[in-house]
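Index from 1, following the sequence. Computation of the quantities below employed the complete heavy-atom set of this structure, encompassing side-chain atoms and omitting hydrogens, waters and symmetry-equivalent molecules.
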Amino acid sequence: MANLEFVREFAVPPKEIFVFFVPQRMALWYGAEMNSCLEVQGGASDFAVGQKVRITGRLGKREVTLTAVITDYEWECVFEWQFRDAYGVRGKQRWELQQMGSTTRLTMRDQYEMPGGLGKIADWLFTRYGVAARDRSGLDRLQRLAERR
């Protein structure tokens with residue numbers, strides 16, 4: 001299982017970041033490289049623990065679909081979901097926000113497991129580097145949006 005962790009300091013309070021952890025704004029920074037679309041169970045306007053979220057997008061000519069279930073959600077503090085894609089990749093992503101005076105520390109954890117022996121080898125050789133680059137890029141976008149740079 002891959003365990004990636006990223007820590008980022010934001011020059012704004014948690015509320016300025018967490019407004020991007022809602023279905024209608026999350027696609028602005030999460031999965032933006034594949035023009036992602038988030039569909040929340042029942043068409044809800046906010047996330048809640050237990051909800052299913054379908055994330056779709058395009059990588060080249062291929063449509064990518066991921067199903068996630070919200071497992072932890074506390075406004076301005078934490079957002080977590082567990083996911084599984086059509087290829088059998090399973091995992092969990094968690095974002096924790098901690099106010100540090102006038103700034104905020106965001107910690108993102110991305111854990112996933114590729115299916116099969118070849119999947120594990122491919123992960124060690126290629127996938128984890130691509131996932132880390134994608135996660136950093138998403139955090140860069142989130143930071144630009146939250147800090148309005």
Side-chain angles (χ1 to χ4, degrees), residues 1-115 123 126-149:
M1 176 174 274
N3 289 298
L4 306 174
E5 183 174 305
F6 307 93
V7 177
R8 186 71 62 99
E9 301 292 329
F10 285 70
V12 295
K15 67 181 179 181
E16 299 293 325
I17 302 163
F18 215 80
V19 296
F20 293 99
F21 284 87
V22 295
Q24 56 275 43
R25 289 192 181 138
M26 199 158 174
L28 295 172
W29 64 273
Y30 183 87
E33 72 282 353
M34 61 181 206
N35 198 23
S36 67
C37 175
L38 282 77
E39 299 172 60
V40 180
Q41 181 180 10
S45 60
D46 278 321
F47 293 120
V49 172
Q51 278 178 329
K52 286 186 181 178
V53 180
R54 183 172 182 229
I55 304 160
T56 56
R58 294 194 93 52
L59 286 176
K61 294 183 179 187
R62 183 189 302 178
E63 183 173 286
V64 178
T65 302
L66 178 79
T67 301
V69 176
I70 309 296
T71 50
D72 198 355
Y73 187 81
E74 185 180 339
W75 187 254
E76 295 184 18
C77 295
V78 65
F79 179 81
E80 176 186 278
W81 58 25
Q82 293 185 19
F83 63 87
R84 183 177 185 153
D85 71 10
Y87 302 101
V89 178
R90 309 178 109 186
K92 176 172 66 172
Q93 293 178 314
R94 181 177 180 88
W95 295 265
E96 296 176 359
L97 288 82
Q98 179 182 13
Q99 188 157 5
M100 315 276 293
S102 62
T103 65
T104 303
R105 174 176 290 150
L106 183 142
T107 303
M108 179 199 183
R109 291 181 183 83
D110 195 347
Q111 301 173 317
Y112 65 90
E113 187 168 12
M114 305 280 287
D123 180 48
F126 309 108
T127 307
R128 71 181 54 222
Y129 301 105
V131 170
R134 181 204 64 203
D135 288 347
R136 283 188 199 100
S137 177
L139 291 173
D140 288 344
R141 279 190 294 277
L142 176 60
Q143 190 161 26
R144 281 192 303 274
L145 288 165
E147 294 177 346
R148 294 170 186 83
R149 288 194 217 169

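The heavy-atom pair separating L139 from F10 by the smallest distance is O-CZ, 4.5 Å. In plain terms, the two heavy atoms of V19 and K15 that are nearest each other are CG1-O, 3.2 Å. Smallest separation of non-hydrogen atoms from T104 and P13: OG1-C, 3.2 Å. In plain terms, the two heavy atoms of V22 and D46 that are nearest each other are CG1-OD1, 3.5 Å. When all heavy atoms of L142 and F20 are compared, the closest pair comes out as CD1-CB, 3.6 Å. The minimum heavy-atom distance linking P23 with A44 is given by the pair CG-O, 4.1 Å.
Between M34 and I55, some side-chain heavy-atom pair lies under the 4.5 Å cut-off. A heavy-atom distance below 4.5 Å is not found between the side chains of I17 and W95.
Using bins of under 30°, 30° to 60° and over 60° for the plane-to-plane angle, the ring pair Y73/F47 lands in the perpendicular bin. Aromatic ring pairs are classed by plane angle as parallel below 30°, tilted from 30° to 60° and perpendicular above 60°; the pair F18 and W75 is perpendicular.
Between the side chains of T107 and E96, no donor-acceptor pair is found at a separation under 3.5 Å.
One finds the CZ atom of F79 at 12.0 Å from the CG atom of L106 (value rounded to the nearest 0.5 Å). With values rounded to the nearest 0.5 angstrom, Q41 atom CD is found 10.0 Å from I70 atom CD1. Between the CZ atom in R58 and the OG atom in S36 there is a gap of 13.5 Å [rounded to 0.5 Å]. Rounded to the nearest 0.5 Å, atoms OG1 (T56) and CD (E63) are 5.5 Å apart. Rounded to the nearest 0.5 angstrom, Y129 OH and L4 CG are separated by 10.5 Å. A distance of 9.0 Å separates CD of Q98 from CD of E9, quoted to the nearest 0.5 Å.
Under the side chain to side chain donor-acceptor pair (under 3.5 Å) criterion, Y30 pairs with Q93, not counting sequence neighbours. Taking D85 as the reference, nothing meets the salt bridge (charged side-chain N to carboxylate O under 4.0 Å, His left out) condition, with sequence neighbours excluded.
Judged by distance alone, the side chain of Q24 and the main-chain N or O of L38 form no donor-acceptor pair under 3.5 Å. Looking at T67, its side chain never comes within 3.5 Å of a backbone N or O of R84 through a donor-acceptor pair. With hydrogens and angles disregarded, no donor-acceptor distance shorter than 3.5 Å links the side chain of R105 to the backbone of M100. W29 places no side-chain N or O within 3.5 Å of a backbone atom of L145 that could act as its donor or acceptor partner. No donor-acceptor pair under 3.5 Å is formed between the side chain of E76 and the backbone N or O of P14.
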Assess the residue pair R54 and T65 against the criterion (side-chain contact (heavy atoms from CB on, under 4.5 Å)); give the C-alpha distance rounded to whole Å, side-chain angles, the decisive distance to 0.1 Å, and a yes or no. CA-CA 7 Å; R54 183 172 182 229; T65 302; 3.5 Å; yes
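Residue pairs meeting the salt bridge (Lys or Arg N to Asp or Glu O under 4.0 Å) criterion with at least one member in residues 128-140, sequence neighbours excluded: R8-D140, D110-R134, D123-R128.
Residue T71 forms a side-chain contact (heavy atoms from CB on, under 4.5 Å) with just one option from E80, Q51, R94, and that option is E80.
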